[in-house]
Protein chains: 2
Amino acid sequence: MPRKRLTREESREQTRLRLLEAAAVAIAKKGLAATSVEDIAAQAGYTRGAFYSNFKSKSDLFIELLRLDHQNIQEDLQKLLDADLSSEDLQQQLALFYAQCYRDDNNYVIWAEARLHAMRDAKFRQRMNALCLEKRDMIAYFIEQFCQRLNTQLPGPAADYALATIALMDGMLYFNIIMPNELPDASAEAVLTNIFTRTFFSPSP
Amino acid sequence: MPRKRLTREESREQTRLRLLEAAAVAIAKKGLAATSVEDIAAQAGYTRGAFYSNFKSKSDLFIELLRLDHQNIQEDLQKLLDADLSSEDLQQQLALFYAQCYRDDNNYVIWAEARLHAMRDAKFRQRMNALCLEKRDMIAYFIEQFCQRLNTQLPGPAADYALATIALMDGMLYFNIIMPNELPDASAEAVLTNIFTRTFFSPSP
DNA sequence: GGACTCTAATACACTTCTGTATCTGAATTC
DNA sequence: GAATTCAGATACAGAAGTGTATTAGAGTCC
């Protein structure tokens with residue numbers, strides 16, 4: 001089969017995507033700071049010339065990378081929300097949400113890098129917080145819907161519990177990745193489900 | 001007052017500690033990878049010569065840094081355990097534990113760097129996991145004691161819930177640091193207390 | 001107080017990265 | 001199909017870091 005001859009625009013877009021994908025791999029492997037522009041370009045099968053003609057800087061590419069991934073996560077979440085699941089499924093889905101979003105191992109690392117980067121760079125922090133708050137609000141809506149169905153009442157603002165949910169899932173995922181023997185998937189899931197159930201479901205003590 | 005004249009040993013130890021302290025500051029500010037040996041030495045008021053005569057490598061110093069900090073955290077935890085507090089205080093103390101441990105702003109960042117480093121370096125990961133498991137077990141004991149006093153039963157292994165506790169606290173602390181307006185201290189504390197209470201206190205649903 | 005020893009400074013040789021400036025060949029246009 | 005335009009390669013000058021080898025100077029010992 002003859003390889004399709006690409007237009008300039010298509011070719012450029014392909015290069016761009018390859019660079020982004022390569023950056024994700026390289027950054028996950030070596031870290032943002034330790035990954036040189038050269039590494040990224042080489043990993044993608046180009047030279048630095050290609051990089052600089054597609055991105056202003058490494059930082060520029062990194063933000064783009066996060067933006068795209070965040071978009072995917074949001075879309076996945078939206079699908080869950082739209083699916084109009086039963087209560088049990090809803091809970092299940094929330095508990096499994098991260099495992100789904102981060103199905104690509106690189107992604108967890110990328111976001112961990114981003115969190116650190118955000119602590120140091122104020123401009124980056126602003127953008128990053130905006131993304132996080134979007135996610136928080138979506139999960140807050142999730143939680144509200146959940147409580148409403150079960151006819152229970154949260155002891156505080158859903159937004160706060162959404163942050164706690166993200167925090168908990170992120171941290172558990174870390175342990176699950178770093179010491180899978182100590183915290184196998186099943187244990188992690190059981191703990192998450194239990195904490196969610198007891199927090200969002202049980203009446204105020 | 002005349003400055004005490006140090007023996008060689010004392011002087012060396014002082015240099016070592018200054019380098020460690022300087023490394024904590026520099027690494028928290030710029031990140032592990034972006035911090036050069038020169039940065040650390042300069043921050044401490046020495047040159048690279050002093051560094052290499054005290055540590056084998058940057059990695060070597062970093063592990064030492066974590067080891068020392070972990071030791072402090074463990075000691076603080078032990079004090080809490082030994083204090084024989086009332087149930088209410090026990091819960092309160094657990095919820096505030098991290099804020100106390102990480103009273104120095106740098107420490108959170110240092111450990112975040114360590115978590116990332118652990119994902120990439122197998123040898124480092126082993127050491128790091130050992131430290132984390134020590135902490136987990138201590139918190140598990142904490143939780144068990146708590147449940148025993150309140151005469152409630154955990155729905156699963158305390159060790160798993162200890163990991164969840166660490167995960168939750170770490171993540172909440174992150175949000176608290178990165179977006180203090182969205183998650184002020186009081187909110188974070190309220191959420192943590194609520195989740196703990198409902199998870200460790202309420203009877204099985 | 002002179003010889004010895006150890007800490008930390010300095011010098012050095014080497015590697016790696018950055019960003020820009022220039023060039024080349026393929027795509028597009030007429 | 002020649003002129004042009006643009007993506008990406010290549011060349012270059014400079015900055016910064018690494019680890020080792022050597023040196024200076026202060027601490028220690030007799």
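Keep in mind that this is a model prediction, so the values were computed, not measured. Numbered from 1 within each chain, the chains take letters A, B, ... in sequence-line order.
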A:Ser57 side chain near C:dG19 phosphate (N/O to OP1/OP2, under 4.0 Å): no
Pairs where residues 12-62 of chain A contributes a residue and the test ring-ring contact (aromatic ring centres under 6.0 Å, His included) is met, not counting sequence neighbours: A:Phe51-A:Phe55, A:Phe62-A:Phe124
Listed nucleotide nearest any side-chain atom of A:Ala50, set C:dA9, C:dT7, D:dA9: D:dA9
A:Glu75 atom CD: more than 12 heavy-atom contacts under 6.0 Å: yes
Rounded distance (Å) that lies between atom C1' of C:dA8 and atom CZ of B:Arg16: 15 Å
Rounded distance (Å) that lies between atom C1' of C:dT18 and atom CG of A:Asp39: 13 Å
Nearest-angstrom distance from the residue atom CZ of B:Phe51 to P of D:dT20: 12 Å
Nucleotide nearest A:Tyr52 when distance is taken to its side chain, options D:dT18, D:dG8, C:dG19: C:dG19
Distance in angstrom units between A:Arg12 CZ and C:dA26 C1', rounded: 15 Å
Listed nucleotide nearest any side-chain atom of B:Ser53, set D:dG17, C:dA8, D:dA7: C:dA8
Within-4.5 Å side-chain heavy-atom neighbours: B:Trp111 and B:His70: yes
Side chain of B:Thr47 - closest among D:dA7, C:dA9, C:dA8: C:dA9
Nucleotide C:dT7, atom P - distance to CD of B:Glu13 in whole Å: 12 Å
Any donor-acceptor N or O pair under 3.5 Å, side chains A:Gln43, A:Asp39: no
Distance in angstrom units between A:Leu17 CG and D:dG8 P, rounded: 12 Å
Between C:dT7 (P) and B:Asn54 (CG): distance, integer Å: 8 Å
Position toward the 5' end of DNA chain C (nearest nucleotide), A:Ser36 or A:Gly49: A:Ser36
Within 6.0 Å of CD in B:Gln78, more than 12 heavy atoms from elsewhere: yes
Between C:dA11 (P) and B:Glu38 (CD): distance, integer Å: 13 Å
Side-chain donor/acceptor contact of A:Arg48 with base of D:dG8 under 3.5 Å: no
